[in-house]
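Right, one structure below, let's go through it.
Residue numbers run from 1 in the order of the sequence given.
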Amino acid sequence: QVQLVESGGGLVQAGGSLRLSCAASGRGFPTYAIGWFRQAPGKERGFVATISWSHNTYYVDSVKGRFTISRDNAKNTVFLQMNNLKPEDTAVYYCAASQSNIVTMRNGDYWGHGTQVTVSS
């Protein structure tokens, strides 16, 4: 069993930065892939980025070059550094864990409750 808690959301102006954290409790964190997803009002939840247990990373095209996912296994934490934020990045951001190599909407075994990110224009 893995429990995930997101933090670091907030209100920021366009062009600003935020760093989200996904803190995990439970055994086996280094063996899990962790992913970030987001859900804007009136839209479906969608993939943002994922990092495998071996630190391979993948991003949705809209955030490439602006967002960076990383993990610190000693702290059981995954980070999402978000730079050059845009109003369209406004959403609730969720992290998820999977024992697969990457996390997708279909294979997330555990999910956090989300953290709100609001980007003003």
Side-chain angles (χ1 to χ4, degrees):
Q1 186 81 10
V2 173
Q3 293 183 327
L4 304 173
V5 179
E6 303 94 337
S7 63
L11 173 64
V12 64
Q13 289 188 331
S17 298
L18 285 174
R19 188 174 82 154
L20 305 184
S21 298
C22 173
S25 61
R27 289 188 171 184
F29 175 79
T31 66
Y32 282 84
I34 304 294
W36 284 98
F37 300 80
R38 65 187 178 186
Q39 186 168 17
K43 295 187 177 181
E44 293 186 351
R45 191 175 301 185
F47 169 77
V48 177
T50 186
I51 185 166
S52 71
W53 65 269
S54 57
H55 295 247
N56 292 322
T57 59
Y58 305 90
Y59 300 90
V60 67
D61 286 346
S62 60
V63 308
K64 285 180 180 177
R66 300 189 298 123
F67 291 10
T68 303
I69 189 171
S70 62
R71 66 190 300 160
D72 184 341
N73 288 338
K75 296 182 178 179
N76 278 14
T77 303
V78 169
F79 303 99
L80 185 68
Q81 177 66 43
M82 306 187 295
N83 298 328
N84 191 23
L85 282 159
K86 304 176 180 181
E88 52 264 42
D89 295 317
T90 295
V92 178
Y93 284 70
Y94 301 86
C95 63
S98 173
Q99 292 191 306
S100 299
N101 189 46
I102 60 172
V103 188
T104 69
M105 283 295 299
R106 296 183 179 180
N107 70 1
D109 296 316
Y110 306 100
W111 290 82
H113 292 292
T115 185
Q116 176 71 48
V117 171
T118 303
V119 185
S120 63
S121 57

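- Gln116 CD: more than 12 foreign heavy atoms inside a 6.0 Å radius.
- Leu80 CG to Thr50 OG1: the interatomic distance, rounded to the nearest 0.5 Å, is 11.0 Å.
- In this structure, Phe67 and Tyr93 have tilted ring planes: the angle between them lies in the 30° to 60° band.
- In the hydrophobic cluster analysis, where Ile, Leu, Val, Met, Phe, Trp and Tyr join through side-chain heavy atoms closer than 4.5 angstrom, Phe79 is grouped apart from Val48.
- Lys75 and Thr77 make their closest contact through O-OG1, 2.8 Å (heavy atoms, listed as atom of the first residue, atom of the second, distance).
- Closest non-hydrogen pair, Ser100 versus Ala33, comes out as O-CB, 3.3 Å.
- Side-chain atoms of Ser52 and Asn101, non-hydrogen and from C-beta on, do get closer than 4.5 Å to each other.
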Per-pair distances, 0.1 Å, donor-acceptor, side chain in residues 9-27, under 3.5 Å, sequence neighbours excluded:
from, atom 1, to, atom 2, distance (Å)
Ser17, OG, Asn83, OD1, 2.9

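- Note that the OH atom of Tyr58 and the OG1 atom of Thr104 stand 13.0 Å from one another [nearest 0.5 Å].
- Placement of Met105 and Ile51 within a single hydrophobic cluster is found when ILVMFWY residues are connected by side-chain heavy-atom separations under 4.5 Å, directly or transitively.
- Between Lys86 and Asp89 there is no salt bridge, since no side-chain N of the basic residue sits under 4.0 Å from a carboxylate O of the acidic one.
- Dense packing is recorded around CH2 of Trp111, with more than 12 heavy atoms of other residues, nucleotides or ligands lying under 6.0 Å away.
- Taking each heavy atom of Pro87 and Ser121 in turn, the nearest pair found is CG-CB, 3.8 Å.
- Rounding to the nearest 0.5 angstrom, the gap separating the OG atom in Ser70 from the CD1 atom in Ile34 is 12.0 Å.
- Considering only heavy atoms from C-beta on, Val63 comes within 4.5 Å of Arg38 through its side chain.
- In terms of heavy atoms, Trp53 sits closest to Pro30 at CB-O, 3.2 Å.
- For the pair Arg71 and Phe29, the distance from NZ or CZ to the six-membered ring centre is under 6.0 Å and the angle to the ring normal is within 45 degrees.
- Side-chain atoms of His55 and Asn73, non-hydrogen and from C-beta on, do get closer than 4.5 Å to each other.
- Between Val2 and Asp109, the closest side-chain pair of non-hydrogen atoms is not below 4.5 Å.
- Between Tyr94 and Leu4, the closest side-chain pair of non-hydrogen atoms is not below 4.5 Å.
- Using bins of under 30°, 30° to 60° and over 60° for the plane-to-plane angle, the ring pair Phe47/Phe37 lands in the perpendicular bin.
- When all heavy atoms of Cys95 and Glu6 are compared, the closest pair comes out as N-OE2, 2.9 Å.
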